[in-house]
J.: 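One structure, as structure tokens, below. Some questions next.
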Amino acid sequence: QVQLVESGGGLVQPGGSLRLSCAATGQSFRSFCMAWFRQSPGKEREFVAATSFNEAATYYADSVKGRFTISKGNGKLTVHLQMNNLKPEDTAVYYCAADESGLLSRLGDRYDYWGQGTQVTVSS
């Protein structure tokens with residue numbers, strides 16, 4: 001059974017930083033694409049960032065480009081999202097996702113596994 005567990009969310013002031021982590025268990029994720037999505041109350045789920053299994057390619061939403069960085073941890077079983085210069089509009093529940101096909105995508109429907117989410121709140 002594949003499981004993804006996010007951590008690192010919290011409350012931060014505008015302009016601050018947070019680092020989200022997603023730990024994968026249950027299967028080797030060496031060939032998986034990993035991504036982060038987010039969802040705010042009353043809004044649809046939104047793509048944030050994605051990386052190919054070897055980090056050779058990355059995608060970012062225009063709204064986070066230059067502020068957020070997606071990366072994989074040691075052994076490729078973790079994925080991080082470094083979020084800098086946070087804005088109130090970044091407030092959302094952030095979800096980690098994995099796609100076993102290995103095809104990098106911005107589409108949530110392409111991802112096979114999802115974490116439970118971690119809350120990020122940006123407020124003064």
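Residue numbers run from 1 in the order of the sequence given.
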J.: Might you point out which heavy atoms bring Pro14 and Ser124 nearest each other, and give the distance in Å?
T.: CD-N, 3.7 Å
J.: Do Ser63 and Arg38 come close enough that some side-chain heavy atom pair is under 4.5 Å?
T.: yes
J.: Give the minimum heavy-atom separation between Arg110 and Ser105, together with the two atoms involved.
T.: CG-OG, 3.4 Å
J.: Side-chain contact, heavy-atom cut-off 4.5 Å: Leu81 with Thr69?
T.: no
J.: Using the rule that Ile, Leu, Val, Met, Phe, Trp and Tyr join whenever any side-chain heavy atoms are under 4.5 Å apart, tell me whether Leu4 and Tyr95 fall into a single cluster.
T.: no
J.: Looking at every non-hydrogen atom in both residues, tell me the closest pair between Glu100 and Asp112 and how far apart they are.
T.: N-OD2, 2.9 Å
J.: Which of these, Asp90, Val12, Val120, sits in a side chain to side chain contact (heavy atoms under 4.5 Å, CB included) with Met83?
T.: Val120
J.: Taking all non-hydrogen atoms of both residues into account, name the closest pair between Ala92 and Gln119 and its distance.
T.: O-NE2, 3.4 Å
J.: Apply side-chain contact (heavy atoms from CB on, under 4.5 Å) to residues Met34 and Thr78 and explain how you reach the verdict.
T.: CA-CA 9 Å; Met34 303 292 291; Thr78 58; over 6 Å; no
J.: Report, as yes or no, whether the 6.0 Å neighbourhood of atom CD on Glu44 holds more than 12 heavy atoms from other residues, nucleotides or ligands.
T.: no
J.: Rounded to the nearest 0.5 Å, how far apart are CD of Gln3 and OG1 of Thr25?
T.: 4.5 Å
J.: Would you mind reporting whether Ser71 and Gln82 have side-chain heavy atoms less than 4.5 Å apart?
T.: no
J.: For the side chain of Ser52 and the backbone of Ala57, is there at least one donor-acceptor N/O pair under 3.5 Å apart?
T.: yes
J.: Would you compute the distance between atom NE2 of His80 and atom SG of Cys96 and round it to the nearest 0.5 angstrom?
T.: 10.5 Å
J.: Compare every heavy atom of Ile70 with every heavy atom of Trp36, then report the nearest pair and how far apart it is.
T.: CD1-CD1, 3.7 Å
J.: Arg106 and Tyr59: side-chain donor and acceptor closer than 3.5 Å?
T.: no
J.: Any side-chain to backbone donor/acceptor pair from Thr91 onto Val122? Under 3.5 Å, distance only.
T.: yes
J.: Show your working on side-chain contact (heavy atoms from CB on, under 4.5 Å) between Ser40 and Glu46 and close with a plain yes or no.
T.: CA-CA 9 Å; Ser40 304; Glu46 176 187 23; 5.9 Å; no
J.: Could you state whether Tyr111 and Val93 fall into the same hydrophobic cluster, counting links through intermediate Ile, Leu, Val, Met, Phe, Trp or Tyr residues with side-chain heavy atoms under 4.5 angstrom apart?
T.: yes
J.: For residues Tyr60 and Phe47, establish whether the separation of their ring centroids is below 6.0 Å.
T.: no
J.: Verify the cluster assignment for Tyr94 and Leu11: are they in a single hydrophobic cluster under the rule of side-chain heavy atoms below 4.5 Å apart?
T.: no
J.: Grouping I, L, V, M, F, W and Y whenever their side-chain heavy atoms are under 4.5 Å apart, do Leu104 and Phe68 come out in a common cluster?
T.: no
J.: Under 3.5 Å, is there a donor-acceptor pair between the side chain of Asp99 and the main chain of Cys33?
T.: no
J.: Quick one: do Lys72 and Asn54 satisfy side-chain contact (heavy atoms from CB on, under 4.5 Å)? Show the steps, please.
T.: CA-CA 8 Å; Lys72 284 190 170 182; Asn54 60 0; over 6 Å; no
J.: If you look at every heavy atom in Thr118 and Leu20, which pair is closest and at what distance?
T.: CG2-CD2, 4.0 Å
J.: Could you tell me whether the side chain of Glu6 and the main chain of Gly117 form a donor-acceptor pair under 3.5 Å?
T.: yes
J.: Mind checking whether Leu86 and Val48 sit in one hydrophobic cluster, side chains of I, L, V, M, F, W, Y counted as touching below 4.5 Å?
T.: yes
